[in-house]
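Presented below is the structure to which this report refers.
For clarity, every value in this text was computed on a predicted model and none was experimentally measured.
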Amino acid sequence: MAEIYFELFNNQLVQQLVGETDSNLRLIEKMLNVEILSFGNQITVKGSAGDIECAKRAIEILYNKASKGIEIGEQEVKAAVRMSGDNSMVDEKEGQNLNDIVLKTKKRYIYPRSATQAKYIQEMMKNELVFGLGPAGTGKTYLAVALAVSMMLEGTIDKIILSRPAVEAGENLGFLPGDLKEKVDPYLRPLYDALYEMLPAEQVDKKLALGEIEIAPLAFMRGRTLSNSFIILDEAQNTTPMQMKMFLTRLGENSRMVVNGDLSQVDLPRGVISGLRDALDTLRRVDSISSVTFTSNDVVRHGLVAKIVQAYEEKGRKQQENAEG
């Protein structure tokens with residue numbers, strides 16, 4: 001058994017951190033197999049050497065979040081514990097602690113809940129083109145929209161453009177009722193949902209009406225040059241190589257582009273190559289382009305979602321091993 005003692009300096013923040021009846025500390029104890037004693041702003045952690053260091057880092061992460069006005073609850077505690085054991089959270093080359101990343105929107109503060117999410121935000125901040133790869137529920141699109149909204153509020157960009165191909169589960173838009181907007185809106189609904197979580201509804205509606213935020217199917221991007229914009233392509237695994245090339249070449253001055261997709265969920269007709277897979281192969285040696293790969297460990301939805309994704313990943317690995325064997 002080892003022991004570590006330290007002090008935090010703001011008693012009010014410490015009260016927010018520990019939670020009602022020290023519930024947040026009890027959760028850290030359970031997750032890391034340590035014992036935590038708190039008296040005022042004094043914290044003592046007992047356990048194995050590695051575990052008490054992780055607990056200390058988790059508490060410091062939560063203290064920093066509380067100091068920025070973030071309410072500390074179960075999800076914040078779990079995220080802090082997850083990130084406390086990852087040494088890659090300190091980027092010495094960039095001189096940045098990725099635990100300090102917080103995106104400010106009108107309705108909430110948004111921050112990474114895993115090391116991969118932190119790296120993803122960092123790459124989006126640094127690079128003009130970023131590919132986000134991995135399963136649903138890992139925050140790829142949500143974090144991209146959050147950064148876009150944050151940059152718009154700062155005045156760094158003038159416009160947010162959100163797009164996705166209208167190819168879902170084999171359905172054909174022509175057979176759906178309504179005009180074009182009514183046909184495509186269901187496919188774009190996740191993008192609307194993210195915006196309404198970050199901005200008041202009247203601001204979203206106003207910016208949509210003024211064209212400061214544009215949500216449109218991929219086909220609407222053809223022939224345009226998108227400058228001073230943050231451009232996000234969602235469900236990119238369902239593009240063809242020609243569609244992907246068309247989209248990527250829309251990038252204009254002072255713009256950033258994020259392309260997200262899950263190569264295990266391609267809904268294209270059999271035999272059609274995914275434009276996302278083709279782009280990753282074609283552009284792998286091009287500078288100023290980054291790709292970040294998420295796994296089931298980064299799923300931040302309901303805990304059961306992570307287990308479902310893990311089960312499918314394991315099934316896929318076994319099928320690949322059997323095919324190769």
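Within 6.0 Å of OH on Y5 lie more than 12 heavy atoms contributed by other residues, nucleotides or ligands. Within a 6.0 Å radius of CG in D281, other residues, nucleotides and ligands contribute more than 12 heavy atoms. Under a cut-off of 6.0 angstrom, the local environment of CD in E7 is crowded, with over 12 non-hydrogen atoms contributed by other residues, nucleotides or ligands. For CD1 of I273, the number of neighbouring non-hydrogen atoms (other residues, nucleotides, ligands) closer than 6.0 Å is 12 at most. Shown here is K107, whose NZ atom has more than 12 heavy atoms of other residues, nucleotides or ligands within 6.0 Å. For Q12, the CD atom counts as loosely surrounded, since its 6.0 Å shell holds 12 or fewer non-hydrogen atoms of other residues, nucleotides or ligands.
At distances below 3.5 Å, at least one donor-acceptor pair connects side-chain atoms of E29 with backbone N or O atoms of I36. Side-chain N or O atoms of S84 include one that pairs as donor or acceptor with a backbone N or O of V81 at under 3.5 Å. In this structure a side-chain-to-backbone donor-acceptor pair under 3.5 Å is missing from N260 to D234. The closest donor-acceptor contact from the side chain of R277 to the backbone of Q237 lies at 3.5 Å or more, if one exists at all. A donor-acceptor pair under 3.5 Å is formed between the side chain of T249 and the backbone N or O of K245. Between the side chain of S255 and the backbone N or O of S229 there is at least one donor-acceptor pair closer than 3.5 Å. Between the R82 side chain and the R113 main chain, a donor and an acceptor come within less than 3.5 Å of each other. Listed for the T138 side chain is no donor-acceptor partner under 3.5 Å among the backbone atoms of G134. Between the side chain of S163 and the backbone N or O of L218 there is at least one donor-acceptor pair closer than 3.5 Å. The main-chain N or O of G252 is never found under 3.5 Å from a side-chain atom of T225 such that the two would form a donor-acceptor pair.
Between the side chains of Y111 and E76, a donor-acceptor pair is found at a separation under 3.5 Å. Between the side chains of Y196 and D205, a donor-acceptor pair is found at a separation under 3.5 Å. Side-chain contact, N127 with S288: no donor N or O sits under 3.5 Å from an acceptor N or O.
Smallest separation of non-hydrogen atoms from A144 and V258: CB-CG1, 4.1 Å. Scanning all heavy atoms of the two residues, the minimum distance from I72 to L17 falls at CG2-O, 4.1 Å. Among all heavy-atom pairs drawn from L276 and A236, the shortest one is CB-O, 3.6 Å. Closest approach of L13 to A66, counting heavy atoms only: CD2-O, 3.5 Å. The two residues D262 and A136 make their nearest non-hydrogen contact at OD2-N, 4.2 Å. Of all heavy-atom pairs spanning G40 and V14, the tightest one is O-CG1, 3.5 Å.
Looking only at side-chain heavy atoms (C-beta outward), N64 and E60 stay at 4.5 Å or farther from each other. No side-chain heavy atom of I232 sits less than 4.5 Å from a side-chain heavy atom of V259. In this structure the side chain of L248 reaches within 4.5 angstrom of the side chain of M257, judged on heavy atoms. Side chains of L133 and F294 form no contact here, defined as non-hydrogen atoms less than 4.5 Å apart. Taking the side chain as every heavy atom from C-beta outward, F131 and I289 approach each other to under 4.5 Å. Q117 places a side-chain heavy atom less than 4.5 Å from the side chain of L143. Put simply, the side chain of S150 does not reach to within 4.5 Å of the side chain of L153, judged on heavy atoms. Inter-residue side-chain proximity for Q243 and F247 is flagged as unmet; no heavy-atom pair is nearer than 4.5 Å.
None of K126, E123, K119, E128 except one satisfies the side-chain hydrogen bond (donor to acceptor under 3.5 Å, both in side chains) rule with S290; the exception is E123.
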Q: Evaluate the side-chain contact (heavy atoms from CB on, under 4.5 Å) criterion for residues N297 and S114: first the C-alpha distance (whole Å), next the side-chain angles of each, then the deciding distance (0.1 Å), finally the verdict.
A: CA-CA 8 Å; N297 294 327; S114 73; over 6 Å; no
Q: Please test R224 against E214 for salt bridge (Lys or Arg N to Asp or Glu O under 4.0 Å), starting from the C-alpha separation and ending with a verdict.
A: CA-CA 13 Å; R224 303 173 62 184; E214 181 179 349; 2.7 Å; yes
Q: Take N254 and N228 through the test side-chain hydrogen bond (donor to acceptor under 3.5 Å, both in side chains) and record every step on the way to the result.
A: CA-CA 5 Å; N254 190 38; N228 301 309; 2.9 Å; yes
Q) Checking salt bridge (Lys or Arg N to Asp or Glu O under 4.0 Å) for the pair K159/E212: CA distance, chi angles, key distance, verdict? A) CA-CA 5 Å; K159 190 169 185 175; E212 294 174 3; over 6 Å; no
Q: Carefully, step by step, assess Y142 and E197 under the rule side-chain hydrogen bond (donor to acceptor under 3.5 Å, both in side chains).
A: CA-CA 10 Å; Y142 188 83; E197 284 195 31; 3.1 Å; yes
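The cluster map of Ile, Leu, Val, Met, Phe, Trp and Tyr, joined by side-chain heavy atoms under 4.5 Å apart, puts I61 and I59 in different clusters. Cluster membership check: L32 does not share its hydrophobic cluster with M83, using side-chain heavy-atom separations under 4.5 Å among Ile, Leu, Val, Met, Phe, Trp and Tyr. Residues I4 and I43 fall within the same hydrophobic cluster, defined by Ile, Leu, Val, Met, Phe, Trp and Tyr side chains chained together at heavy-atom separations under 4.5 Å. Criterion: ILVMFWY side-chain heavy atoms under 4.5 Å apart, direct or through other members. Under it, I215 and L210 are not part of a common hydrophobic cluster. There is no path of hydrophobic side-chain contacts, each under 4.5 Å, that joins L37 to Y63.
For the atom pair CE of M151 and CD1 of I157, the computed distance is 5.5 Å after rounding to the nearest 0.5 Å.
For K56 and E53, the salt-bridge test fails: no basic side-chain N is under 4.0 Å from an acidic carboxylate O. Using a 4.0 Å cut-off between charged nitrogen and carboxylate oxygen, E74 and K78 count as a salt-bridge pair.
The side chain to side chain donor-acceptor pair (under 3.5 Å) check on D158 picks up nothing, with sequence neighbours excluded.
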